[in-house]
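Notes for the one structure printed next.
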Amino acid sequence: MISTMSTSTTSTASDPRPYVPERRGILFIISAPSGTGKTTLCKQITASVPGIWHSVSYTTRQPRTGEEHGREYFFIEEKIFQDMVAKNEFMEYAHVYGNWYGTPRKALMDKMEQGIDVLLEIDVQGALQIKKKVQDAVYIFILPPSMETLRTRLQSRASDTPEEIQRRLQKVKEEVWSFREYYYIVRNDNLEQSLKELQSVFLAERLKTKRLDMHWLEQNFILEKESKPGDRDQSSIAKGSTAHHD
Ligand SMILES: Nc1nc2c(ncn2[C@@H]2O[C@H](COP(=O)(O)OP(=O)(O)O)[C@@H](O)[C@H]2O)c(=O)[nH]1
Ligand SMILES: Nc1ncnc2c1ncn2[C@@H]1O[C@H](COP(=O)(O)OP(=O)(O)O)[C@@H](O)[C@H]1O
């Protein structure tokens, strides 16, 4: 169903506020085996496509060199993580490579209510949890071109011990079969090409008929002054009875 919200604004020539669509934000989920390049690509997507908010997860893992609390993750103690679980503060959470990771619920819901698209960079277990709760999210899986390339990327990132790298590589052969749960697969060989492919997905998803901004359509073509009353059955359109396509 097409949702409409009262908080959104439509900019006009005399109103300089940015245009915010009259719909809930879209939830984009990106998963990939460790070392594929998902963090690199998610940062680039957020920087290059306007209107995306990259959710910051909570984790019990130690920060890597260069990572900042509140930017890559909120780095917290396990006790605090478990308290948050008990208070139902996570939209989803999972144990990955020996640490806990969770998506904070409130921030995500607030952004979506404001019509802002949200990007989650989470593992396959988390994506499957979201699939049970949120209809209409967009699932994107990123894969490296080969195991050999993945090994090289993990080694050149130099953020994990050789044992940790081995553990992550062993997990890939299990994780890869989850590709069936995702709607798009991006093979991250050339970074520039992968970014273009991801941008295409984000932009095309926004153009789907089911996400049409009904407020804009009504204001400009249905309730517009010159149109004669009775030309169309406005009530059925306002109720969102348009046929939807996926
Ligand atoms: N389920 C879930 N997974 C997460 C979350 N945040 C990060 N992850 C995943 O946890 C895994 C490990 O992430 P990280 O420690 O940053 O290592 P990296 O994937 O090697 O960069 C990755 O698959 C992330 O996508 C979260 O909030 N929930
Ligand atoms: N297309 C690519 N070609 C070459 N190196 C890449 C590419 N994408 C990412 N990398 C590099 O691979 C390493 C792992 O990337 P990262 O974004 O940390 O992966 P992930 O978040 O999936 O674990 C980083 O050093 C990054 O600069």
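Positions are given from 1 along the sequence. These numbers were taken from a predicted model, which means no experiment stands behind them. Indexing begins at 1, ligand by ligand and atom by atom, following the structure's order.
Taking every heavy atom of Glu92 and a limit of under 4.0 angstrom, the matching atoms of ligand 1 come to 1 (N), 2 (C), 26 (C), 27 (O), 28 (N). Counting atoms of ligand 1 from 1 in the listed order, those under 4.0 Å from a heavy atom of Ile122 are 2 (C), 3 (N), 4 (C), 5 (C), 8 (N), 25 (O), 26 (C), 27 (O), 28 (N). Those atoms of ligand 1 with a heavy atom of Arg168 less than 4.0 angstrom away are 17 (O), 18 (P), 20 (O). Close approach of ligand 1 to Tyr73 is summarised as follows: ligand atoms under 4.0 Å from at least one heavy atom of the residue are 6 (N), 7 (C), 13 (O), 14 (P), 16 (O). Listed by number with element, the atoms of ligand 1 under 4.0 angstrom from any heavy atom of Gly102 are 26 (C), 27 (O). The contact set between ligand 1 and Ser34, taken as ligand atoms under 4.0 Å from a residue heavy atom, comprises 18 (P), 19 (O), 20 (O). Less than 4.0 angstrom separates some heavy atom of Pro33 from each of these atoms of ligand 2: 22 (O). Atoms of ligand 1 found under 4.0 Å from any heavy atom of Ala94 (numbered from 1 in listed order, with element): 1 (N). Residue Glu121 approaches ligand 1 through these ligand atoms, each under 4.0 Å from one of its heavy atoms: 5 (C), 6 (N), 7 (C), 8 (N), 25 (O).
At the shortest separation from atom 8 (N) of ligand 2 among protein heavy atoms lies Asn188 ND2, 3.1 Å. With respect to atom 18 (O) of ligand 2, the closest heavy atom belonging to the protein is Arg157 NH1, 2.8 Å. Remark: minimum distance from atom 19 (O) of ligand 2 to any protein heavy atom is reached at Gly37 N, 3.0 Å. Of the protein's non-hydrogen atoms, Gly35 O, 3.6 Å is the one closest to atom 14 (C) of ligand 2. Taking atom 21 (O) of ligand 2 as the reference point, the nearest protein heavy-atom neighbour is Thr39 OG1, 2.5 Å.
In this structure, of Tyr97, Tyr101, Phe74, the residue bringing a heavy atom nearest to atom 15 (O) of ligand 1 is Tyr101. When the heavy-atom distances from atom 3 (N) of ligand 2 to Gln193, Glu121, Arg153 are ranked, the shortest goes to Arg153.
Within a 6.0 Å sphere centred on NZ of Lys106, other residues, nucleotides and ligands contribute 12 heavy atoms or fewer. In this structure, Tyr139 places its OH atom where more than 12 heavy-atom neighbours from other residues, nucleotides or ligands lie under 6.0 Å away. Within a 6.0 Å radius of CZ in Arg105, more than 12 heavy atoms belonging to other residues, nucleotides or ligands are found.
Judged by the 6.0 Å distance and 45° axis criteria, Arg168 is positioned over the aromatic ring of Tyr97.
With respect to Arg61 and Glu164, no salt bridge is recorded, no charged nitrogen being found less than 4.0 Å from a carboxylate O. Salt bridge status for Arg206 with Asp117: present, with a side-chain N to carboxylate O gap under 4.0 Å.
Between Tyr101 and Val96, the shortest heavy-atom contact is CE1-O, 3.5 Å.
In summary, of the residues considered (Leu27, Ile122, Leu120, Thr103), a side-chain contact (heavy atoms from CB on, under 4.5 Å) with Met91 occurs for Thr103 alone.
Contact annotation for Thr103 and ligand 1: heavy atoms of both the backbone and the side chain come within less than 4.0 Å of the ligand. Residue-level proximity to ligand 1 for Arg64 is carried by the side chain, the only part with a heavy atom below 4.0 angstrom. Looking at Glu175 against ligand 1, nothing comes within 4.0 Å, counting heavy atoms.
The closest approach between a heavy atom of Gln129 and any atom of ligand 1 is not below 4.0 Å. Heavy atoms of Arg61 come nearer than 4.0 angstrom to ligand 1 in at least one pair.
For ligand 2, one of its N or O atoms has an N or O atom of Thr40 under 3.5 Å away.
Close placement of the Phe90 and Phe81 rings is indicated, their centers lying within 6.0 Å of each other.
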Report task. Give the C-alpha distance, both sets of side-chain angles, the deciding distance and a yes or no for side chain to side chain contact (heavy atoms under 4.5 Å, CB included) between Thr59 and Phe75. Result -> CA-CA 5 Å; Thr59 183; Phe75 297 97; 3.7 Å; yes
Query - Working for side chain to side chain donor-acceptor pair (under 3.5 Å), residues Asn190 and Glu192 - result: CA-CA 6 Å; Asn190 175 287; Glu192 210 178 311; 5.5 Å; no
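Between the CD atom of Gln166 and the CZ atom of Arg151 there is a distance of 5.5 Å, given to the nearest 0.5 Å.
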